Amino acid sequence: MTMIFGIPIQALLGQLLIGLINGSFYALLSLGLAVIFGLLRVINFAHGAQYMLGAFVALLLLQYFGINYWLALFVAPAIVGIVGAVVERTMLSRLYKLDALYGLLFTFGLALTIEGTFRYLYGSAGQPYSVPSLLAGGTNLGFMFLPIYRGWVVVISLIVCIGTWLLIEKTKLGSYLRAATENAVLVQAFGVNVPLLLTLTYGLGAALAAFAGVLAAPIYQVSPLMGTNLIIVVFAVVVVGGMGSIMGAIVTGYMLGIAEGLTKVFYPEASNIVIFVIMAIVLLIRPAGLFGRDA
Amino acid sequence: MSDAVHTTKQKAELAQSRKTSTSYAVFLLAGFALLLIAPMFFYPIFLMKLLCFALFACAFNLLLGYTGLLSFGHATFFGGAAYFTAHAVKVWGWTPELGVLLGVAGAAVLGLVMGVVAIRRQGIYFAMITLALSQMFFFFCLQSEFTQGEDGIQQVPRGHLFGLIDLSVSTNMYYFVLAVFVIGMVVIWRFINSPFGMILKSIRENEARATSLGYSVARYKLGAFVMSAALAGLAGGLKSLVFQFATLTDVAWQMSGEVILMTLLGGIGTLIGPIFGAGLVVTLQNYLATSDFPVTIITGVVFMVCVLVFRRGIIGEFYASRFGRMLGFEHRH
C-alpha cells in the first residue's frame with residue numbers, strides 16, 4: 001500500500017474528497033451570505049435554516065407529490081427563494097436604516113422559528129433521502145473508490161459558484177447589483193428599482209442556500225438541525241475570506257473544507273475546531289480577512 | 001439676563017435629576033424588599049434560577065448596552081464558569097465561595113483570550129467571531145475529560161459557605177444567591193458610572209471621536225469584554241451550585257442567543273431591564289417545560305417581534321412612556 005507521511009494514500013484521498021464536498025457546501029453557503037451582505041448589509045443568520053428548508057422541501061415534494069430529485073433541484077430553491085423574498089419585503093426591509101446588528105438578530109429569530117417548527121412537526125431524527133438512480137453507485141479510479149453522487153456534488157457546486165460569480169461580475173443585472181452595493185441612492189436616482197433589487201438579492205441568496213440543501217439531502221440525513229451547526233462554521237469561513245469579494249468566498253470555502261479533511265487524517269481530534277483555529281490565526285495576522293477590503 | 005436664564009435651566013435640570021434619582025431609589029428598594037420576602041411565595045429554585053439569569057443578562061448588557069458590542073459567545077463564559085466551579089467543588093472539595101471565585105477567574109481568562117481575537121473586527125464581524133470562538137469552546141468541552149462530555153458534571157455538592165453555613169438548605173442557598181446577585185449588580189452599577197464606563201459609552205456613541213480624543217479604544221473594549229465575561233462567569237458558577245450540575249447546554253450557542261433575547265426584551269442599555277427580560281424568559285421556559293410545545297418557536301417569534309416593533313424593550317418603553325417621563329426617567333439611557 002502506498003503511504004504518504006505514514007498515512008495510507010487511500011485514507012488521505014478519501015478524506016480529501018470529504019473535505020472537497022464539505023468545502024462545496026461551505027463555498028455555496030458563504031457565497032450566498034456574501035451576496036446578501038454585499039447589498040443588504042445584513043448577515044443572514046437564517047441561511048442555515050434556509051439550507052435545511054431546501055432539503056426538507058425536496059423530501060416533502062418526494063413524499064407527497066412524487067417529485068423526483070432532478071425537479072426538486074429547481075423547485076425547492078424556487079419555493080425557498082420566494083418565501084425568502086416575502087420575508088424580506090414584509091419584515092427585513094424595515095430594518096435597513098437601523099444598525100446592522102438588528103438584521104442579524106432578526107434573522108437569528110427567524111432561524112429559531114423555522115427550526116423549532118420543523119422539529120415540532122417532524123422530530124429531531126434525520127430522515128434518509130435516497131440518491132437518484134442515475135447517480136447511484138461508484139466508480140473505481142484505480143487509486144480510490146469514488147461514489148458518483150459525491151463527485152456530482154463537487155462538480156455541480158463548482159458550476160453554480162462560477163455561474164453566480166459570472167452573473168454578478170459579467171451581466172447587466174450584476175452590474176446594477178454591484179453599483180447598488182457601492183451607492184444605493186445614486187443608483188436609485190438613475191431609475192433603477194433598488195428595493196426590488198434588494199428583494200431579488202435576498203431571494204437569490206435564500207435559493208442558493210436551499211440548492212445546497214437539496215444537494216446535501218442524499219449525503220447527510222434530512223433533519224431540522226442540519227443547518228445551524230453548519231452556519232456557524234460558514235460564519236467562520238466568511239470571516240476568514242472577508243465578505244468583500246464573491247470569488248474570495250468561494251475559494252476560502254473550498255480551502256477550508258480541504259483543510260478540515262486533511263486535519264481528519266493527521267489529527268482527528270481537532271477536525272471540528274480547525275476552521276475556528278484558522279479563523280483566529282487569520283484575524284491576528286490579517287484582521288480584514290484573506291480577501292477582505294473593509295476592516 | 002442670560003446668566004439668569006442659564007441658572008433657571010440648570011436648576012430645572014438639577015431638580016429633574018434629583019427626581020430621577022429618587023424614583024430610581026424607590027424602585028430599587030421596593031424590588032430588593034420583594035426579593036427578600038419572595039421565597040415565601042415562590043419556589044426557591046425558580047427564584048434562584050431567575051437571579052442567576054438576571055445577573056447573566058446584566059453582565060451581557062454591560063457589553064451590548066454600554067459599549068455597543070454584540071457578543072454572540074457569552075455562553076462560553078457562563079457555561080465555562082459553571083464547569084470550573086462544579087469541578088473545583090466536586091473534585092477538589094473546595095468551599096462554594098472559592099469555587100465561584102475560580103469560575104469568575106476562569107471566565108475572565110476565557111474573556112481575555114476571546115476578546116483579544118474578537119476586538120480586531122467591529123460590528124457584525126465581532127458578533128460572528130465571538131459565535132465561532134464560542135462554538136470552538138463548545139467542541140472543546142464536548143471532547144475534554146474534565147467536563148465528562150455528554151453527561152456533564154452531575155451531583156455537584158453545594159457544600160458549606162465559608163465552611164460554616166450549610167447551603168444544601170434551600171433558604172440559605174437562596175440568600176447566598178441573592179447576596180451574590182446584589183454584589184454583582186452593585187459592581188455593574190459602579191462600573192457603568194465610573195470614568196471607565198463613561199469612556200465606554202463614548203466609544204459606543206462615536207468610536208472615531210473617542211480615538212481622536214486619545215483613548216486607546218481597543219484596550220477599553222477589551223477591558224469591558226473581560227469585565228462582562230467575569231460577571232457572566234459569576235452567574236454561571238452560581239448556577240452550577242444552584243442546580244448542582246454543569247452540562248453542555250450551558251456552553252451551547254442557544255444559551256448565547258437566550259441571553260441576547262433577555263437583554264433585548266428587557267431593554268438594551270438600561271441597568272435593570274435585563275432583569276425583567278430574564279424574568280420573562282425564565283418564567284416562559286418554566287411554563288412551557290411541562291408541555292411538548294418547543295420553546296424555540298416562541299423564542300424565535302419573540303425575537304422577531306422585538307426587533308421589528310419593540311426595540312426599546314420593556315424598561316426602555318416604560319422610561320419613554322408618559323408615566324415614566326412623569327417620574328423623571330427619560331434621561332436614563
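First the proteins, then the strands, lettered A, B, ... as listed; each starts at 1. Remember, it's a predicted structure, so these values are computed and weren't measured experimentally.
For chain B, the option among A/Asp99, A/Ile281, A/Thr107, A/Thr228 with the highest count of heavy-atom pairs below 4.5 Å is A/Thr228. Per-residue heavy-atom pair counts under 4.5 Å with chain B were compared for A/Asn272, A/Ile273, A/Leu105, and the maximum is reached by A/Asn272.
By a heavy-atom distance cut of under 4.5 Å, B/Thr296, B/Ile297, B/Thr299, B/Gly300, B/Val301, B/Phe303, B/Met304, B/Val307, B/Leu308 are the residues of residues 295-308 of chain B near chain A, going up by number.
In this structure, A/Arg41 forms a cation-pi arrangement with A/Phe37, its terminal cationic atom sitting closer than 6.0 Å to the ring centre and no more than 45° off the ring axis.
Both the backbone and the side chain of B/Leu131 come within contact range of chain A, with heavy atoms under 4.5 Å apart. Both the backbone and the side chain of A/Val277 come within contact range of chain B, with heavy atoms under 4.5 Å apart. Residue A/Met91 touches chain B through both its backbone and its side chain, counting heavy-atom pairs closer than 4.5 Å. Of the two parts of A/Leu98, only the side chain, counted from C-beta on, holds a non-hydrogen atom closer than 4.5 Å to a non-hydrogen atom of chain B. No part of B/Phe138 comes within reach of chain A, as not one of its non-hydrogen atoms sits under 4.5 angstrom from that chain. For a residue to count as touching a neighbouring chain, one of its non-hydrogen atoms must lie under 4.5 Å from one of that chain's; by this rule A/Leu95 touches chain B with the side chain only. For A/Phe108, the part lying near chain B is the side chain, with the backbone staying farther off; criterion is any non-hydrogen pair under 4.5 Å.
Without hydrogens or angle criteria, B/Tyr66 side chain to B/Arg204 main chain gives no donor-acceptor distance under 3.5 Å.
Using bins of under 30°, 30° to 60° and over 60° for the plane-to-plane angle, the ring pair B/Phe77/B/His74 lands in the perpendicular bin. Below 30°, between 30° and 60°, or above 60°: for A/Tyr122 and A/Phe56 the angle between ring planes is between 30° and 60°, a tilted geometry. Aromatic ring pairs are classed by plane angle as parallel below 30°, tilted from 30° to 60° and perpendicular above 60°; the pair B/Phe225 and B/Phe126 is perpendicular.
For B/Phe53 and B/Phe78, the distance between ring centers is under 6.0 angstrom. Aromatic pair B/Phe72/A/Phe45: ring centres closer than 6.0 Å.
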